[in-house]
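Structure first, commentary second.
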Amino acid sequence: MHDINFIRENPIQFDNAMKQRGENPLSKKILEIDLKKRNTQTLLQNLLAERNELSKKIGEFKSKNKDCTDDLKRVEKIKLEINTLKELENLKNDELKSILSRLPNIPHETTPIGISENDNQLYREWGQKPQFDFKPKQHFQIGEDINMMNFEIAAKLSGSRFVVLKNKLSKLERAISNFMLDKHTTENGYSEFSLPYLVKDDALYGTGQLPKFSEDLFTAGENHWLIPTAEVPLTNLVRESNLNINSLPMRVTSYTPCFRSEAGAAGKDTRGMLRQHQFTKVELVSIVEPEQSNQELERMLESAESILKDLNLHYRVMTLCTGDMGFAAQKTYDIEVWLPGENNYREISSCSNCGDFQSRRMNTKYKKSDKNLFVHTLNGSGLAVGRTLIAIIENYQTSDGNIIIPEVLRKYFNNETTLL
RNA sequence: GGAGAGAUGGCUGAGCGGUUGAAAGCACCGGUCUUGAAAACCGGCAACGGGGCAACUCGUUCGUGAGUUCGAAUCUCACUCUCUCCGCCA
């Protein structure tokens with residue numbers, strides 16, 4: 001949610017920011033509604049003040065048995081006006097909120113300006129593409145060859161974009177998530193949470209998925225939605241609260257399934273388990289003071305990268321451009337892992353600084369030198385487990401159709417070195 | 001699923017139609033005392049919004065939303081959540 005004061009004071013800057021994100025300039029319209037709202041409010045409040053005064057007077061008079069029919073008549077008339085103005089004020093409030101809640105965050109000054117993913121910038125790379133003396137296969141070929149990855153059965157159960165894993169591959173997925181959680185909780189300073197996978201509208205509004213992106217979500221019953229990412233319950237842990245400054249920075253993590261309708265992705269990545277309706281992910285969330293959020297984003301990125309480094313998977317980090325960033329973000333780094341079977345880099349993590357965009361929606365503040373200020377929130381994948389599984393399968397495949405178990409995962413496999 | 005109780009400031013908790021934005025305690029901040037600290041004592045301490053250069057002033061807020069009333073934390077209705085007991089159950 002945007003700060004209306006910022007728009008009042010910097011309408012041109014605001015419009016430029018929205019333009020960079022592919023939105024129309026709306027500051028003029030917003031400020032018009034805002035002005036109407038405030039004028040209405042002033043009139044309304046004057047009447048309320050008068051009513052309060054008269055009521056007090058009437059109370060006194062009645063207790064003394066004095067006549068006050070004139071005041072009663074006046075107050076009755078005021079009440080009608082109050083009702084009219086209240087309705088108008090509510091209307092303007094709703095209009096304003098409806099516009100503001102659907103506009104994306106203002107990009108950070110270091111976010112490159114651009115239209116599509118083609119304008120994203122390389123931030124850094126790590127490692128090297130592995131060399132194969134055979135043609136590396138794609139993950140689903142390998143998974144199906146070893147009979148541990150089954151899309152047909154999944155389709156019978158649930159339709160397209162689902163997968164069934166079994167035996168060692170299923171165990172590998174579990175090992176990956178354990179490894180990530182262990183690393184983040186012991187070395188990277190995050191506290192682990194077990195969370196609800198069903199949430200209410202309010203939580204999704206808080207992180208920005210609602211009201212604009214309901215098509216991307218699955219519903220569950222009348223009042224619940226399936227979480228599209230643990231960012232939602234993790235970040236909303238601090239909703240509607242006034243945090244003690246001593247509890248900041250707050251770093252939390254959780255391993256959860258994620259559910260996405262992939263409404264806009266029809267026909268995209270249909271083969272394999274790259275883009276599923278359901279996948280698991282270890283999420284990182286930080287709640288910090290505003291001055292710290294930029295460096296916290298770097299720290300979060302490094303936490304995510306540390307997993308890939310330990311797994312010895314080659315990757316590159318991209319700084320997303322204004323046109324490619326998510327709704328709530330002011331700056332985002334994507335980590336793209338190298339997939340030799342696909343001969344391509346693929347997003348495996350996305351780390352974003354949301355500034356105070358989400359904390360305004362959630363009403364999360366902290367007190368600093370007697371002032372209540374909005375916190376900054378950050379979230380990042382650390383990492384997407386399904387895609388990490390894909391990366392391991394493709395990068396660690398052998399010519400005879402086996403998969404080498406990455407060293408850091410062997411402790412979860414009784415020190416075995418290969419999957420088969 | 002059945003029966004009952006409740007939701008008040010950062011926390012505990014009083015108030016149940018008219019200076020109650022709300023007693024008291026805790027926490028917190030400032031002061032006195034002390035070599036320093038603690039204790040004790042004194043003082044301060046809600047949020048959000050409108051108007052104003054400002055001092056300041058006005059409004060809203062006692063789970064949420066409607067209603068009754070000149071006036072609602074207090075009365076009515078609906079909803080949400082929490083707790084206790086019974087039943088069922090991983």
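Nothing here was measured: the structure is a model prediction, and the numbers come from that model. Protein chains get the first letters and strands the later ones, always in sequence-line order, with residue 1 at the start of each. Because only heavy atoms are used, hydrogens play no part in the values below, and waters and symmetry mates are left out as well, while side chains stay in.
Rounded to an integer number of Å, the gap from A:N90 CG to B:U60 P is 14 Å.
Within 4.0 Å (heavy atoms only), A:R8 reaches sugar-phosphate atoms of the nucleic acid but no base atom. Among the atoms of the strands shown, none is found under 4.0 Å from any heavy atom of A:N244. At a threshold of 4.0 angstrom between heavy atoms, the contacts of A:N372 are confined to the sugar-phosphate backbone, with no base atom among them.
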Nucleotide N/O of nucleotides 16-20 of chain B paired with protein N/O under 3.5 Å:
{"from": "B:G18", "atom 1": "N2", "to": "A:S55", "atom 2": "O", "distance (Å)": "2.8"}

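Residues satisfying the side chain to side chain donor-acceptor pair (under 3.5 Å) test with A:N395, not counting sequence neighbours, are none.
Taking every side-chain heavy atom of A:R51 into account, B:U60 is the closest of B:G51, B:G49, B:U60.
Taking for each of A:I4 and A:E50 the nucleotide of RNA chain B with the nearest heavy atom, the 5'-most of the two is the partner of A:I4. Map A:L48 and A:N242 each onto its nearest nucleotide of RNA chain B; the residue landing nearer the 5' end is A:N242.
Within residues 72-82 of chain A, the residues having any heavy atom closer than 4.0 Å to RNA chain B are, in order of number, A:L72, A:V75, A:K79.
For the OP1/OP2 pair of B:C48 and a distance below 4.0 Å, the side-chain nitrogens and oxygens of A:K365 include at least one atom meeting the criterion.
In this structure, A:E291 pairs ionically with A:K368, as a charged nitrogen and a carboxylate oxygen lie closer than 4.0 Å.
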